[in-house]
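In what follows, chains carry the letters A, B, and so on, assigned in the order in which the sequence lines appear, proteins first and then strands, with residues in each chain numbered from 1.
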Amino acid sequence: MGTVQLRQCAQVIDSGTEPVHVIAAAVNGDVGAFERLYALFAPNVYGLCLRLTGQREAAEDCTQDCFVAAWRALGRFEQRSRFSTWLQRIAIHTVLARRRGLRFRNEVAEPSAGMPDLADPGADAPPLDVERAIAALPERARHVLVLVGIYGYSHSEAADTLGVAEGTCKAQLHRARSLLTAALGLEE
Amino acid sequence: MEDPKHETLDELLAKLPHDVALPRNLWPGVARGIKRRPRIMGSFAFAASAAMVCLVGALLWAVLREKPAERSDSATNSQTLGFDEPRDPAYLAARTELEKSFRERLAVLDPQTRAKIEASLALVRRAHEEIRQALADQPANPVLERLLQSTWHDEFDLYDHVVRGTQPTMTRS
């Protein structure tokens with residue numbers, strides 16, 4: 001895909017709308033169009049997967065699996081929700097499914113492995129400690145914090161997506177915030 | 001940069017970028033996955049193949065007996081199901097043919113049996129549609145995916161049972 005074309009798509013996303021023509025072409029089986037969607041949305045999906053898993057390699061696997069699953073499910077994509085939101089939900093299910101599989105095979109890796117590369121060392125980048133502290137949170141608390149605290153899901157949406165009760169979601173967020181506040185030495 | 005200790009947790013979280021640069025290009029792996037797992041799932045393709053075999057068998061049987069099965073106008077009213085998973089033209093043609101055959105056989109059954117079959121079919125289709133709608137909100141939910149496949153197969157099984165169960169019985173001349 002050309003740089004200009006990609007930039008145009010990125011501008012469309014930035015302005016709050018989505019590249020509907022590219023999405024429509026992908027829905028109709030155009031692999032090239034789907035590759036453009038990958039180029040546009042992969043950083044967002046990867047960011048979400050990285051924070052949910054706390055592991056770089058797992059996040060790469062989940063991002064890849066997410067796009068394969070998205071291709072397979074594209075025929076069912078309806079314009080009721082934004083494509084980015086739809087893709088994020090697939091990413092979350094992919095992470096949860098992978099986690100269940102690893103737990104079944106007793107292959108759960110230590111969280112925060114590979115995290116040093118997470119934050120971009122630019123001037124406006126968040127302190128790496130924040131990312132490390134999030135990665136070190138207990139899994140369920142981390143999932144809720146990532147969805148509600150970072151990606152702006154409502155408790156209802158997060159609870160629905162994670163398959164837990166809304167009250168559990170709120171309790172896990174409270175737990176995550178308390179642990180993070182202590183880990184980062186912030187004032188209560 | 002501001003001292004993190006003087007910031008609130010919400011401020012720190014709000015600073016986190018949603019997009020994170022990928023350490024490597026994952027597209028080649030995605031492209032391989034797409035080729036390995038085409039839109040039509042393996043089980044769907046298998047069901048389509050089974051349906052095609054069943055249909056061909058039924059047609060062959062009718063030809064060999066040199067007595068076409070009774071037909072009904074309802075056969076021409078067979079409608080597309082509107083399901084959006086399989087898009088392969090060969091698959092869709094096979095499914096349409098199977099449904100046509102099913103409609104033909106259904107038309108010759110007694111009204112009571114026909115009503116029961118149609119009620120079962122409506123139930124399966126309603127369940128399938130509700131699951132499909134749920135999947136629009138929860139894409140790639142593994143439980144819903146399995147349920148969707150299940151109802152899809154249920155519909156196929158219903159067609160298959162009716163077509164098989166109404167095949168003309170073999171007689172000696």
Side-chain angles (χ1 to χ4, degrees), chain A residues 28-29 31 34-35 38-39 42-44 46-48 50-51 56 59-60 63-78 80-81 86-87 89-91 93-94 97 117-120 123-127 129-131 134 145 149-151 160-161 177 180-181 184-187, chain B residues 1-42 44 82-89 128-129 131-146 148:
Chain A
N28 288 325
V31 179
F34 190 65
E35 187 178 359
Y38 163 83
N44 187 271
Y46 177 68
L48 177 61
L50 186 57
R51 289 176 178 126
R56 199 172 70 189
E60 287 180 23
T63 301
Q64 203 165 288
D65 290 348
C66 167
F67 278 94
V68 174
W71 170 259
R72 192 161 58 86
L74 259 179
R76 289 196 300 272
F77 173 67
E78 296 174 357
R80 285 188 297 172
S81 64
W86 182 79
L87 206 53
R89 286 189 176 143
I90 294 180
H93 282 300
T94 304
D117 293 338
L118 178 61
D120 185 83
D124 295 330
D129 281 351
V130 181
E131 296 283 14
I134 292 169
L145 182 98
I150 302 176
Y151 284 85
D160 200 32
T161 306
R177 290 179 64 89
L180 269 185
T181 301
L184 296 170
L186 299 172
E187 293 167 7
Chain B
M1 185 185 287
E2 198 176 344
D3 182 355
K5 287 191 171 51
H6 293 161
E7 292 180 275
T8 66
L9 181 58
D10 287 330
E11 285 169 344
L12 287 175
L13 293 178
K15 278 188 175 179
L16 296 177
H18 287 192
D19 291 7
V20 175
L22 281 89
R24 63 189 176 92
N25 181 16
L26 301 176
W27 175 254
V30 175
R32 277 196 300 277
I34 287 173
K35 280 179 189 161
R36 209 167 44 238
R37 297 169 68 187
R39 286 274 175 80
I40 295 176
M41 286 177 259
F44 284 176
F83 300 147
D84 51 7
E85 287 83 5
R87 285 154 185 271
D88 179 59
H128 188 82
E129 182 56 24
I131 295 164
R132 196 185 62 76
Q133 284 174 9
L135 263 169
D137 293 329
Q138 291 284 315
N141 181 316
V143 177
L144 291 176
E145 290 272 11
R146 277 199 293 275
L148 192 77

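Only the backbone of B/A21 comes within contact range of chain A, with heavy atoms under 4.5 Å apart. Heavy atoms closer than 4.5 Å to chain B are found in the side chain of A/I134, but not in its backbone. Residue A/T161 touches chain B through both its backbone and its side chain, counting heavy-atom pairs closer than 4.5 Å.
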Test log, rule side-chain contact (heavy atoms from CB on, under 4.5 Å), inputs A/W71 and B/V30: CA-CA 9 Å; A/W71 170 259; B/V30 175; over 6 Å; no
Go through A/R51 and B/L16 one step at a time and tell me if the side-chain contact (heavy atoms from CB on, under 4.5 Å) criterion holds. CA-CA 11 Å; A/R51 289 176 178 126; B/L16 296 177; 3.9 Å; yes
Does the side-chain contact (heavy atoms from CB on, under 4.5 Å) test come out yes or no for B/L12 and A/L186, once each step is laid out? CA-CA 10 Å; B/L12 287 175; A/L186 299 172; 3.8 Å; yes
Output, in order, the C-alpha distance, side-chain angles, deciding distance and verdict of side-chain contact (heavy atoms from CB on, under 4.5 Å) for A/R72 and B/E145. CA-CA 11 Å; A/R72 192 161 58 86; B/E145 290 272 11; 4.0 Å; yes
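Atom CD1 of B/I34 and atom CZ of A/F67 lie 10.0 Å apart (nearest 0.5 Å). B/L9 contributes atom CG, which lies 5.5 Å from atom CG of A/L180 (distance to the nearest 0.5 angstrom). Taking CZ from A/R177 and OG1 from B/T8, the interatomic distance works out to 8.0 Å, rounded to the nearest 0.5 Å.
With hydrogens and angles ignored, the 3.5 Å screen pairs a side-chain donor or acceptor of B/H18 with a backbone N or O of A/I150. Side-chain atoms of A/Y46 never come within 3.5 Å of backbone atoms of B/V20 as a donor-acceptor pair (strictly under, hydrogens ignored).
Here the closest non-hydrogen pair linking B/L26 and A/E60 is CD1-O, 3.6 Å. Taking both residues in full, the closest heavy atoms of A/T63 and B/L22 are given as CG2-CD2, 4.5 Å, listed atom of the first, atom of the second, then distance. Scanning all heavy atoms of the two residues, the minimum distance from A/H93 to B/P139 falls at CD2-O, 3.2 Å. Pairing each heavy atom of B/W27 with each of A/Y38, the nearest pair is N-OH, 3.3 Å.
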